[in-house]
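For the single chain, residues carry numbers from 1 onward in sequence order.
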Amino acid sequence: MKRLLTIAGSDSGGGAGIQADLKTFHAFGCYGMSVLTAITAQNTLGVQGVHDLPADFVAMQLESVVTDIGVDAAKTGMLSNAEIIRALSKKIRELGIPHLVVDPVMRAKSGDPLLKQEAQSALIEEIIPLAEVITPNLPEAEVLAGMSSIKTKDEMKQAAQRIHQKGAKNVLIKGGHREEDALDILYDGKVFTEFFAEKIRANNTHGTGCTYSAAIAANLALGRDLKDAISVAKKFITEAIRQSFKLGHGIGPLNHFVKVE
């Protein structure tokens, strides 16, 4: 059984964060482990509070699970502040974490901030160079690429090139915010690869970014190459959105237990 690690915040509502990641790992038959960076008071309506864990304790969690159990692939989500980011980057280098998928979480679906402003430069300098693939959505790509707006396919490609120059081995720009289609573009430094899926008009989409990146990590651990891992993960996230359900009074969760051949 492949060992998957999520390094992210806890979503008390269960729709995103480590909860979404662990459900996704399980859906692909992998053993899930977690390193918590922060605890949130969160539900379908938004984020009511965030409590960051001490950076040294975050690093201790990582060393604890990796030195005993080991890891076949890992993903990062909410990293919250610069101190946590620096402690993690140092420990990730020391431990040689394979197949690191970086989801540069900056805001919750509700719009509440999940990455402090001063931590953005630390994320760019410390974490992006460690990524096998980074998976920003369009608003995140605008920040990372220093662009005021990303709407067209050409602008997505330009953003991917700019983020690649910051050290990521591969960049996957997610186009879920586009109106016309669900186009994602992968750039490996030389070649662009496009991934299309049906645009699902759904209100319950809490945890899409977490789930997509976790599915990519799981498929990398299972031995698929990056393009195949993304292709399978995109089918999974599309069906998870299609079969999402209403829960609570706000933005409901995905269905993490869909089956994808």
Side-chain angles (χ1 to χ4, degrees), residues 5-9 17-18 21 34-38 40 50-63 66 71 73-108 112-150 155-174 185-190 209-210 212-214 216-217 220 226:
L5 176 64
T6 170
I7 306 169
I18 64 157
D21 295 341
S34 60
V35 169
L36 267 68
T37 57
T40 68
V50 176
H51 177 71
D52 293 346
L53 295 179
D56 58 351
F57 190 75
V58 174
M60 186 187 298
Q61 293 177 72
L62 182 58
E63 182 164 11
V66 174
V71 60
K75 63 146 292 185
T76 66
M78 175 188 180
L79 300 182
S80 200
N81 67 50
E83 189 177 5
I84 289 174
I85 288 171
R86 294 190 183 100
L88 279 172
S89 66
K90 179 180 179 182
K91 191 60 66 174
I92 288 169
R93 293 177 192 274
E94 288 178 4
L95 297 170
I97 304 296
H99 296 309
L100 184 65
V101 179
V102 173
D103 181 15
V105 174
M106 295 181 180
R107 290 188 177 275
D112 296 288
L114 296 176
L115 182 70
K116 293 177 176 60
Q117 187 73 27
E118 66 273 14
Q120 291 180 5
S121 59
L123 178 73
I124 293 170
E125 295 168 7
E126 301 285 347
I127 297 296
I128 287 181
L130 302 177
E132 179 166 338
V133 60
I134 184 170
T135 64
N137 59 29
L138 296 186
E140 291 161 350
E142 288 170 359
V143 174
L144 296 175
M147 297 171 64
S148 59
S149 177
I150 301 173
E155 288 169 343
M156 291 173 70
K157 289 182 176 181
Q158 182 182 355
Q161 290 174 316
R162 289 191 180 191
I163 297 171
H164 184 270
Q165 290 172 356
K166 299 180 187 297
K169 185 177 179 182
N170 299 278
V171 181
L172 180 68
I173 306 292
K174 300 178 299 186
I185 297 179
L186 174 69
Y187 180 61
D188 64 3
K190 295 181 180 179
C210 304
Y212 192 7
S213 57
I216 293 171
L220 288 173
L226 181 58

Quick one: which residue pairs count as a side chain to side chain donor-acceptor pair (under 3.5 Å) with a foot in residues 50-60, not counting sequence neighbours?
Asp52-Ser80, Asp52-Asn81, Asp52-Lys116

Approximate separation, where rounding is to 0.5 Å, of Leu5 CG and Leu95 CG:
10.0 Å

Are any non-hydrogen side-chain atoms of Ile163 and Ile173 less than 4.5 angstrom apart?
yes

Heavy-atom nearest pair, Ala217 first then Ala74, reads CB-O, 4.2 Å

A side-chain contact here means heavy atoms from C-beta on lying under 4.5 Å apart; do Leu88 and Thr76 qualify?
no

Spacing of CG belonging to Leu79 relative to CG belonging to Asp103, to within rounding of 0.5 Å:
9.5 Å

Got a second to check how far Lys174's NZ is from Glu140's CD, nearest 0.5 Å?
6.0 Å

Would you say that Lys166 contacts Ile134 through its side chain, given a criterion of any heavy-atom pair below 4.5 Å between the two side chains?
no

About how many Å separate CD1 of Ile85 and CG of Leu115, when rounded to the nearest 0.5 Å?
5.5 Å

Mind checking side-chain hydrogen bond (donor to acceptor under 3.5 Å, both in side chains) for Glu94 and listing every partner two or more places apart, or none if nothing turns up?
Lys91

In terms of heavy-atom contacts, does CD of Glu118 have more than 12 from other residues, nucleotides or ligands at under 6.0 Å?
yes

Just how far is it from atom CG of Leu172 to atom CD1 of Ile185, taken to the nearest 0.5 Å?
9.5 Å

If you look at every heavy atom in Ala159 and Ala141, which pair is closest and at what distance?
CB-CB, 4.5 Å

Contacts of Met60 that satisfy side chain to side chain contact (heavy atoms under 4.5 Å, CB included) - sequence neighbours left out:
Phe57

Interatomic distance, Leu130 atom CG to Lys90 atom NZ [nearest 0.5 angstrom]
14.0 Å

Going by side chain to side chain contact (heavy atoms under 4.5 Å, CB included), name the residues that satisfy it together with Glu142, two or more places apart in sequence or in a different chain.
Ser149, Ile150

Return the set of residues passing side chain to side chain contact (heavy atoms under 4.5 Å, CB included) with Arg162 (not counting sequence neighbours), or none when no residue passes.
Ala145, Met147, Gln158

Applying side chain to side chain donor-acceptor pair (under 3.5 Å), which residue pairs with at least one partner in residues 124-138 are found, sequence neighbours left out?
Ser89-Glu126, His99-Glu132

With sequence neighbours excluded, residues passing side-chain hydrogen bond (donor to acceptor under 3.5 Å, both in side chains) with Thr37
none

Leu144 and Ile128: side-chain contact (heavy atoms from CB on, under 4.5 Å), yes or no, with the steps?
CA-CA 10 Å; Leu144 296 175; Ile128 287 181; 4.1 Å; yes

Any non-hydrogen side-chain atom of Leu226 less than 4.5 Å from a side-chain atom of Lys169?
no

Taking side-chain hydrogen bond (donor to acceptor under 3.5 Å, both in side chains) as the definition, give me every residue that meets it alongside Asp21, ordered by chain and number, with sequence neighbours left out.
Thr6, Lys75

Is it the case that more than 12 heavy atoms not belonging to Glu155 sit under 6.0 Å from its CD atom?
yes

Taking all non-hydrogen atoms of both residues, which atom of Ala82 and which atom of Ala119 are closest, and how far apart?
N-CB, 3.5 Å

Would you say Gln61's side chain and Leu36's backbone share a donor-acceptor pair under 3.5 angstrom?
yes

Applying side-chain hydrogen bond (donor to acceptor under 3.5 Å, both in side chains), can you list everything that pairs with Lys157, at least two apart in sequence or on another chain?
none

